[in-house]
Amino acid sequence: MPMSSGAVLLAYITVQRIAELWWAKQNEERLFAAGGVEFGGSHLPLMQLLHAAWLFGMWALAYDHPVQPVFLALFVLLQIGRFWVLATLGRRWTIRVIAVPGETLVAAGPYRFLRHPNYAIVIGEIAVVPLALGLPLYALVFSLLNALVLAIRIPQENAALAANALHGPR
């Protein structure tokens, strides 16, 4: 039985997210071993629930939908940005907000242009993937929910970055 293009897209995202969770866990262990301190961990379950619901909901509603080419092209561009962020952060990339005292702020790659490029990419993905599957209301609802989560997350990450700058090398 051939897979629809929607199922292929969702399978790609699912495998990617599972691999990223594994990589984040490895990086978290290294960062904590280096003296890293977590900031704002209380919001993490909410963020995980949002992302899981977003993905599982699309599997339930649109696995058999065709992918609209214009939105697929936007998704591919977002993936290029995602890989650029991941390559730039390398062993620092996690889903938790962890600051290691003494580490310098990343200012290379996309971080030269944006303070939080990963969130810009996630904002795009949260909207573009459902749009690619013909789910505009789904894209709107999850974009609004994601905005609420990021309104909690980004200030906590900024606090971690500021705290690290205060306790970093002088």
Is the closest side-chain heavy-atom distance between Asn158 and His116 below 4.5 Å? yes
Test item: Thr14 and Trp59 side chains (from C-beta on) under 4.5 Å apart, heavy atoms: yes
Any link between Val15 and Trp22 through a network of hydrophobic side chains (Ile, Leu, Val, Met, Phe, Trp, Tyr) touching at under 4.5 Å? no
Side chain to side chain donor-acceptor pair (under 3.5 Å) contacts in which one or both residues fall within residues 140-154, not counting sequence neighbours: His43-Arg153, Tyr119-Arg153
Can you see which heavy atom on Leu72 is nearest to which on Ala132, and at what distance? N-CB, 4.4 Å
Where is the tightest heavy-atom contact between Pro45 and Ser42, given as atom of each residue plus distance? CD-O, 3.5 Å
Once you measure the plane-to-plane angle for Phe75 and Tyr12, does it fall in the parallel (<30°), tilted (30-60°) or perpendicular (>60°) bin? perpendicular
With clusters defined by side-chain heavy atoms of hydrophobic residues (ILVMFWY) lying less than 4.5 Å apart, directly or transitively, does Phe71 cluster with Leu55? yes
Looking at Trp23 and Arg30, what are the two nearest heavy atoms and their distance? NE1-NH2, 4.3 Å
Cluster overlap Leu137 with Leu61, hydrophobic side-chain contacts below 4.5 Å: yes
So, do Gln79 and Glu125 sit near enough that their side-chain heavy atoms are less than 4.5 Å apart? yes
Inspect the surroundings of CZ in Phe56 and state if more than 12 heavy atoms from other residues, nucleotides or ligands are less than 6.0 Å away. no
Please check if atom CZ in Arg17 has more than 12 non-hydrogen atoms from other residues, nucleotides or ligands closer than 6.0 Å. yes
Over 60° means perpendicular and under 30° means parallel, so tell me whether Trp54 and His51 are parallel, tilted or perpendicular. perpendicular
For Gly124 and Leu78, the nearest pair of non-hydrogen atoms, with its separation, is C-CD1, 3.5 Å
Show the nearest heavy-atom pair for residues Pro136 and Leu131, with the distance to one decimal. CA-CD2, 3.6 Å
Answer yes if Val149 and Leu145 sit in the same cluster of Ile, Leu, Val, Met, Phe, Trp and Tyr residues linked by side chain heavy atoms under 4.5 Å apart, and no otherwise. yes
Does any part of the side chain of Glu38, heavy atoms only, come nearer than 4.5 Å to the side chain of Phe32, both counted from C-beta? yes
Is the side chain of Tyr63 donor-acceptor paired with the backbone N or O of Leu10 at a distance under 3.5 Å, no angle test? no
Quick one: does any side-chain atom of His65 pair with a main-chain N or O of Gly6 as donor and acceptor, under 3.5 Å? no
Rounded distance [0.5 Å steps], CE in Met47 versus CZ in Arg96: 9.5 Å
Does Phe83 belong to the same Ile/Leu/Val/Met/Phe/Trp/Tyr cluster as Leu9, with side-chain heavy atoms less than 4.5 Å apart forming each link? yes
Hey, what do you get for CG (Leu148) to CG (Leu50), rounding to the nearest 0.5 Å? 9.0 Å
Just one of Leu86, Thr94, Ile95 clears the side-chain contact (heavy atoms from CB on, under 4.5 Å) bar with Glu20, so which one? Leu86
Side-chain heavy-atom pair Val85, Tyr111 within 4.5 angstrom cut-off: yes
Check the pair Leu133 / Val67 against side chain to side chain contact (heavy atoms under 4.5 Å, CB included), numbers first and verdict last. CA-CA 5 Å; Leu133 298 171; Val67 175; 4.0 Å; yes
Less than 4.5 Å apart, any side-chain heavy atom of Arg92 and any of Ile98? no
Return the minimal non-hydrogen interatomic distance between Thr88 and Trp84, and the atom names on each side. OG1-O, 2.7 Å
Should Leu140 and Leu144 count as side-chain neighbours, where that means a heavy-atom distance under 4.5 Å? yes
